[in-house]
Amino acid sequence: DQQVKQNSPSLSVQEGRISILNCDYTNSMFDYFLWYKKYPAEGPTFLISISSIKDKNEDGRFTVFLNKSAKHLSLHIVPSQPGDSAVYFCAASLYNTDKLIFGTGTRLQVFP
Amino acid sequence: SAVISQKPSRDICQRGTSLTIQCQVDSQVTMMFWYRQQPGQSLTLIATANQGSEATYESGFVIDKFPISRPNLTFSTLTVSNMSPEDSSIYLCSVGETATYYGYTFGSGTRLTVV
């Protein structure tokens, strides 16, 4: 049972445009959501997070939106840069546990 | 954030053998986890490494197959025992204080190929 889903395995965006990565979840007991970025041969690195009591969090070019009623969150990257090309994982923290549950990832390619 | 040294970075092993992966952190951390990423798949939590006691395993993972040690707050090992080709994956150590805010820090992973 995949509790965190990223339905788009890949996304291709032109440099300077907006990248939108989507994530859906099924468990209403998730209280925190995080995005990680992963380059080949490296471990995932933390990008941005959002509490379930918020609907938006922004950090520079990265903004995460949370729609609790739809159990959906998205990561917006604007403007996109070639260095953003990586696999992006959505992760969720289960309330009152220390565990992170990850989605399957979306490979983003930003081309010039 | 903590700096993790994970070794080996990759290995090719014969089926039926065992491999021990080490995770060394440059500072004391509360939480340490081991994840597996099979080809094209998500990161799946194997277990939480508990200092001085038995690890807590997730459904589908057992101690006999994946014994874990955590003798102190900066070091842990994961052993993949009696390996088969299905164990070919990337194994990742992850550490931190809380799953919220900044999440956990990951090691660079161990790419294991079983032949």
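What's counted below: heavy atoms across the whole structure, side chains too, no hydrogens, waters or symmetry copies. Proteins come first, then strands; the chains are lettered A, B, ... in the order of their sequence lines, and each starts at number 1.
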Sequence neighbours excluded, every pair satisfying salt bridge (charged side-chain N to carboxylate O under 4.0 Å, His left out) that has a member inside residues 76-89 of chain A: A/R61-A/D84
Any link between A/L75 and A/V13 through a network of hydrophobic side chains (Ile, Leu, Val, Met, Phe, Trp, Tyr) touching at under 4.5 Å? yes
Of the listed A/A91, A/A92, A/G103, the one with the largest count of heavy-atom pairs under 4.5 Å with chain B is A/G103
Within a 6.0 Å radius of atom CD1 on B/I63, are there more than 12 heavy atoms belonging to other residues, nucleotides or ligands? yes
Per-residue contact mode, A/L100 against chain B (heavy atom under 4.5 angstrom): both
At a heavy-atom separation under 4.5 Å, does B/L43 approach chain A through its side chain, its backbone, both, or neither? both
Which atom pair, heavy atoms only, marks the closest approach of B/L92 to A/P44? CD2-CD, 4.1 Å
Under 3.5 Å, which donor-acceptor pairs link chain A to chain B? Give each pair on its own line with the distance.
residue : atom : partner : partner atom : Å
A/Y36   : OH   : B/Y104  : N            : 2.8
A/Y36   : OH   : B/Y104  : O            : 2.9
A/S49   : OG   : B/Y101  : O            : 2.6
A/D98   : O    : B/Y104  : OH           : 2.6
A/K99   : NZ   : B/E58   : OE1          : 3.3
A/K99   : NZ   : B/E58   : OE2          : 3.0
A/L100  : O    : B/Y35   : OH           : 3.2
A/F102  : O    : B/S42   : OG           : 3.0
A/G103  : O    : B/S42   : OG           : 2.6

Residues of residues 66-74 of chain A contacting chain B, heavy-atom criterion under 4.5 Å, by residue number: none
Which residues satisfy the ring pair (Phe, Tyr, Trp, His ring centres under 6.0 Å) test with B/F66, sequence neighbours excluded? B/F61
Could you see if A/I20 belongs to whatever hydrophobic cluster contains A/F62? Use Ile, Leu, Val, Met, Phe, Trp, Tyr and a side-chain cutoff under 4.5 Å. no
Would you say B/I46 ends up clustered with A/I101 if hydrophobic residues are merged whenever their side chains have heavy atoms under 4.5 Å apart, either directly or through other cluster members? no
Please check if A/F89 and A/L108 belong to a single hydrophobic cluster, counting links between Ile, Leu, Val, Met, Phe, Trp and Tyr side chain heavy atoms closer than 4.5 Å. no
Linking I/L/V/M/F/W/Y whenever any side-chain heavy atoms sit under 4.5 Å apart, do B/M31 and B/L45 land together? yes
